[in-house]
Amino acid sequence: MPTAMTCPGSNNVTFTATNGATFVVECGIDRPGGDMGSQYANNFTECIQDCASTSGCLDVSFMNNYCYMKAYVNAPAPNSAVWGAKLLSAASGGGSSSVVSLTTSTSSSSPAYTTTTSMAAKVTTSSTSTSVSSTVSSTSPSVSGLPTGWSYKGCWVDNAHGRILVNNINNDAAMTIESCISACSSAGYTIAGIEYSTQCSCGNTVIQAGALAAQDSDCAMPCGGNSKEICGGPNRMSLYSNGTIKTLGVPVPQNDTSLPGSWQYVGCMTDGNNNNVRSLPWKLILSNNNTAETCLSQCSAFGYQYGGMEYGEECYCGDLVDLTTGGSVSAPESDCNMACPGNGSFVCGAGNRLSLYKWTGKPLYQWNYATGNAAGSYEYFVPGVVVPLITVPGKNGKITFVEKHGTSVFGNSTGAYELDPSLADDFTECWRTMTGIKTDVFCSAGLILPDVGARQINVGGWSADSLYGVRFYTPDGAPGVNSTNMWEEDVTSVGLQAPRWYPSAMMMANGSILIVGGEDGSNGVPTPSLELLPRAGPALYCEWLKESDPNNLYPYLTVLPSSGIFVAYWNQARILDPITLETRKMLPQIPGSVTEPLSGRTYPFEGTSVLLPQSAPYSDPLTILICGGSGPGIATALDNCVSIAPDAPNPTWTLERMPSKRVMSCMVALPDGTFLILNGAEQGVAGFGLANTPNLNAVLYDPAKPLGARMTIMANTTIARLYHSEAVLMDDGRVLVSGSDPQDPQFPEEMRVEVFNPPYYLNMNKATRLAFTLNNGIESYGYGDTITITITNGGVPARVTLLGAVASTHGNSMGQRTIFPEFSCSGATCTVTTPPNANVSPPGWFQMFVLDAQGVPSVARWVRIGGDPGGLGEWPEGAEFTRPGS
């Protein structure tokens with residue numbers, strides 16, 4: 001086996017390939033121009049071997065595991081990021097791709113045609129298209145089996161300025177004229193070119209100022225698959241076409257009014273200078289249609305303000321900071337000389353050379369950088385006892401933690417605990433051990449029911465009976481006052497119809513519970529159906545859930561003001577009919593990343609979603625926000641949020657850049673109408689040991705600000721919060737942050753519990769903080785009803801906020817809703833008008849806050865709006881269950 005080559009140790013070493021071809025290693029040397037294309041290589045040695053076995057390859061540049069082959073040896077250009085190798089001698093027996101001695105034989109095995117030099121052509125070298133009419137002798141190649149209308153168009157010079165046909169589609173040792181034409185014709189091209197016996201290229205236009213050779217006999221290499229046919233020569237291409245050949249001159253940079261949006265050409269730049277780091281990180285391969293318009297439109301659509309093209313077919317997007325990190329500097333304009341495959345009149349970079357453009361219009365994003373109290377703060381809150389699978393704030397001012405089996409540090413864990421934040425200074429008192437959960441809640445769903453008791457329900461699980469589990473807890477006690485109720489479960493009397501691991505749950509407008517999707521056990525077959533609780537008919541099969549498995553788990557569910565049910569899963573979304581649960585309307589595909597349309601937003605790609613605020617009189621369509629996610633393959637987390645108003649006349653997704661990439665994130669609605677994005681990783685997908693690079697930064701999203709300027713970079717934590725991390729809002733306005741269970745040696749199971757203090761909490765004057773009571777202690781209200789409150793501390797409220805009670809798991813805050821209702825005050829008495837109907841606000845419990853003019857909220861009071869139309873308070877039957885009433 002040949003000796004492995006590496007740089008800088010192998011610099012100037014002569015390498016002998018397995019076929020006998022020899023190369024000299026040139027560490028830090030690139031030779032721009034003559035590019036034949038690129039392909040992946042595991043290492044430098046493999047790259048040189050590939051060149052040795054590729055017809056026409058005389059030089060290689062290796063960078064970032066890509067092997068860039070060159071058809072001729074150009075002047076050296078120092079580039080520390082490149083490992084180069086130049087051919088010294090061909091393989092013995094002519095097996096190498098280099099120096100070939102050409103003779104035209106007149107024996108009986110010679111090609112079945114003769115050539116003539118009586119060929120004239122009209123060729124111009126402008127960047128506009130011209131037609132070429134050529135006179136070819138009657139003794140030009142006579143090949144049978146060509147598609148109708150195809151004919152020989154002469155021997156053409158290739159690589160005088162670059163490849164004259166942009167799409168090299170095949171290198172085949174058995175190449176024939178017929179096979180090349182067939183391949184090009186099948187791909188929709190009108191020109192086919194054969195070179196070096198085995199190379200087939202296609203196009204619709206001859207580019208790079210291509211011209212007929214001085215004599216047709218310059219093309220004299222027998223085809224690899226038929227020695228009686230001629231297939232070009234060294235830098236000579238035998239062209240065939242089904243029409244008149246059109247040519248384009250030497251390409252130039254595109255810098256005119258045809259550029260999309262507010263893009264402007266910067267210049268030819270180096271790439272990969274800093275330890276092979278790309279100057280712009282997001283890479284697309286656009287083999288057939290790369291142009292400035294195509295590439296830059298994609299970059300700006302995903303919020304990137306720098307873009308460029310390289311190696312003809314490669315499109316890159318990124319930011320100014322990426323160029324700085326990559327060490328990109330200006331290069332001679334002549335270094336960028338490869339034509340764009342989508343428009344040969346223009347340049348799309350070259351080998352390690354980037355045709356760079358920048359956005360000069362209104363910034364596509366504008367992040368705010370908070371300092372001091374405005375950045376909020378993380379604070380260690382209390383030692384934990386489990387890694388919670390789901391956290392649920394309760395009506396009693398406490399938070400329940402339920403865990404999958406086996407995460408507690410204590411051997412006698414019951415799997416369920418309740419935290420009283422008011423006792424956080426006393427570890428032995430703040431945690432209450434709960435019993436009653438009989439099956440494993442691993443990757444289940446949860447809700448708070450609209451019954452009188454604000455019961456918490458948990459459904460599904462990961463194996464055996466737990467897949468069908470339905471579990472209940474009725475909160476009791478109060479802050480500082482002991483609770484005694486426990487979880488209740490009996491899968492033999494109350495259970496799901498279908499096994500569900502990773503399902504979602506939603507309260508419907510009619511008071512029923514909708515359960516969607518899941519799988520039959522850990523990584524099992526899909527459960528592509530919907531069902532209702534309490535049970536009402538059989539489960540409804542959904543082909544769309546089957547087709548999108550396994551990327552649709554924990555889908556996002558929402559009741560829309562139009563009465564439809566919004567469902568988002570993977571990269572798709574639809575609206576269901578609330579009666580039949582059949583699809584009422586398909587919505588546009590959810591954007592992913594700039595490079596990967598198959599990126600997704602639900603488990604295992606796991607982003608996070610919330611509903612943006614609804615304000616009286618509720619005339620604006622409801623907007624749904626989804627942030628983060630990931631994609632297949634290398635699983636780079638997404639760095640954007642997308643939003644849509646499904647009830648709008650022509651709903652479309654709006655994309656906003658985030659300051660960083662994020663998967664397995666959480667998002668918490670705050671009383672002031674903003675949303676805190678936190679937790680997660682910058683690379684990977686949800687699951688055990690499947691992510692790295694924890695994202696320690698919190699981001700505040702403010703929908704009241706203009707699009708593109710809604711993100712504020714907040715404080716950092718020191719604790720990695722990855723798979724199975726949660727975040728929920730406490731009644732005092734702080735965010736409780738818990739968990740992380742990646743089962744990865746790099747990142748331990750995380751028991752510590754933190755709080756995030758929003759700016760309003762840090763700026764609060766406790767002496768003047770608003771406080772209120774519900775008149776007569778009434779907690780339950782109908783739609784369009786009046787809630788009367790009395791302000792007991794502070795001044796006149798500037799806002800009233802209703803936040804839907806949530807169960808948080810896997811980035812899905814089931815039950816979340818933010819409502820700014822109409823209110824008025826007279827002295828210390830205020831009246832609040834509840835939402836008008838169950839489509840605007842499905843029946844349920846809300847944390848009610850009043851806020852002062854600085855946005856500082858009171859401590860929440862819990863109110864119920866819409867009653868219990870499904871009679872859940874009387875369900876389920878059986879002595880083992882508590883039924884608090886409707």
Considering non-hydrogen atoms only, spot the tightest contact between [X] and [Y] and give its length.
X      : Y      : value
Gly739 : Pro388 : CA-CD, 3.9 Å
Pro479 : Ser422 : C-OG, 3.6 Å
Leu611 : Phe675 : O-CZ, 3.5 Å
Ile677 : Tyr701 : CD1-CB, 4.2 Å

Checking the side chain of [X] only, and the main-chain atoms of [Y] only, is there a donor and an acceptor separated by less than 3.5 Å?
X      : Y      : result
Arg864 : Ala454 : no
Ser504 : Pro555 : yes
Lys438 : Glu489 : yes
Thr439 : Asp465 : no
Thr391 : Phe401 : no
Arg455 : Leu872 : yes

Donor-acceptor pairs under 3.5 Å, side chain of residues 533-544 to any protein atom, not counting sequence neighbours: which ones?
unit_1	atom_1	unit_2	atom_2	d
Arg535	NH2	Gly495	O	3.3
Tyr541	OH	Glu543	OE1	2.5

Can you list everything that forms a salt bridge (Lys or Arg N to Asp or Glu O under 4.0 Å) with Asp672? Sequence neighbours excluded, please.
none

Check salt bridge (Lys or Arg N to Asp or Glu O under 4.0 Å) between Arg432 and all other residues, then give those that pass, not counting sequence neighbours.
Glu418

Considering the options Glu726, Glu750, Glu754, which one meets the side-chain hydrogen bond (donor to acceptor under 3.5 Å, both in side chains) requirement together with Arg721?
Glu754

N/O donor to acceptor pairs below 3.5 angstrom from side-chain atoms of residues 505-524, sequence neighbours left out:
unit_1	atom_1	unit_2	atom_2	d
Asn510	OD1	Ser512	N	2.9
Asn510	OD1	Ser512	OG	3.4

Trp501 ring center within less than 6.0 Å of Tyr603 ring center
no

Contacts of type ring-ring contact (aromatic ring centres under 6.0 Å, His included), residue Phe756, not counting sequence neighbours:
Tyr378

For the residue pair Thr484 and Asp476, confirm or rule out a side-chain donor-acceptor distance under 3.5 Å.
yes

How are the rings of Tyr502 and Tyr554 set to each other: parallel, tilted or perpendicular (split at 30° and 60°)?
perpendicular

Restricting to side-chain hydrogen bond (donor to acceptor under 3.5 Å, both in side chains), what partner residues turn up for Glu877, sequence neighbours left out?
none

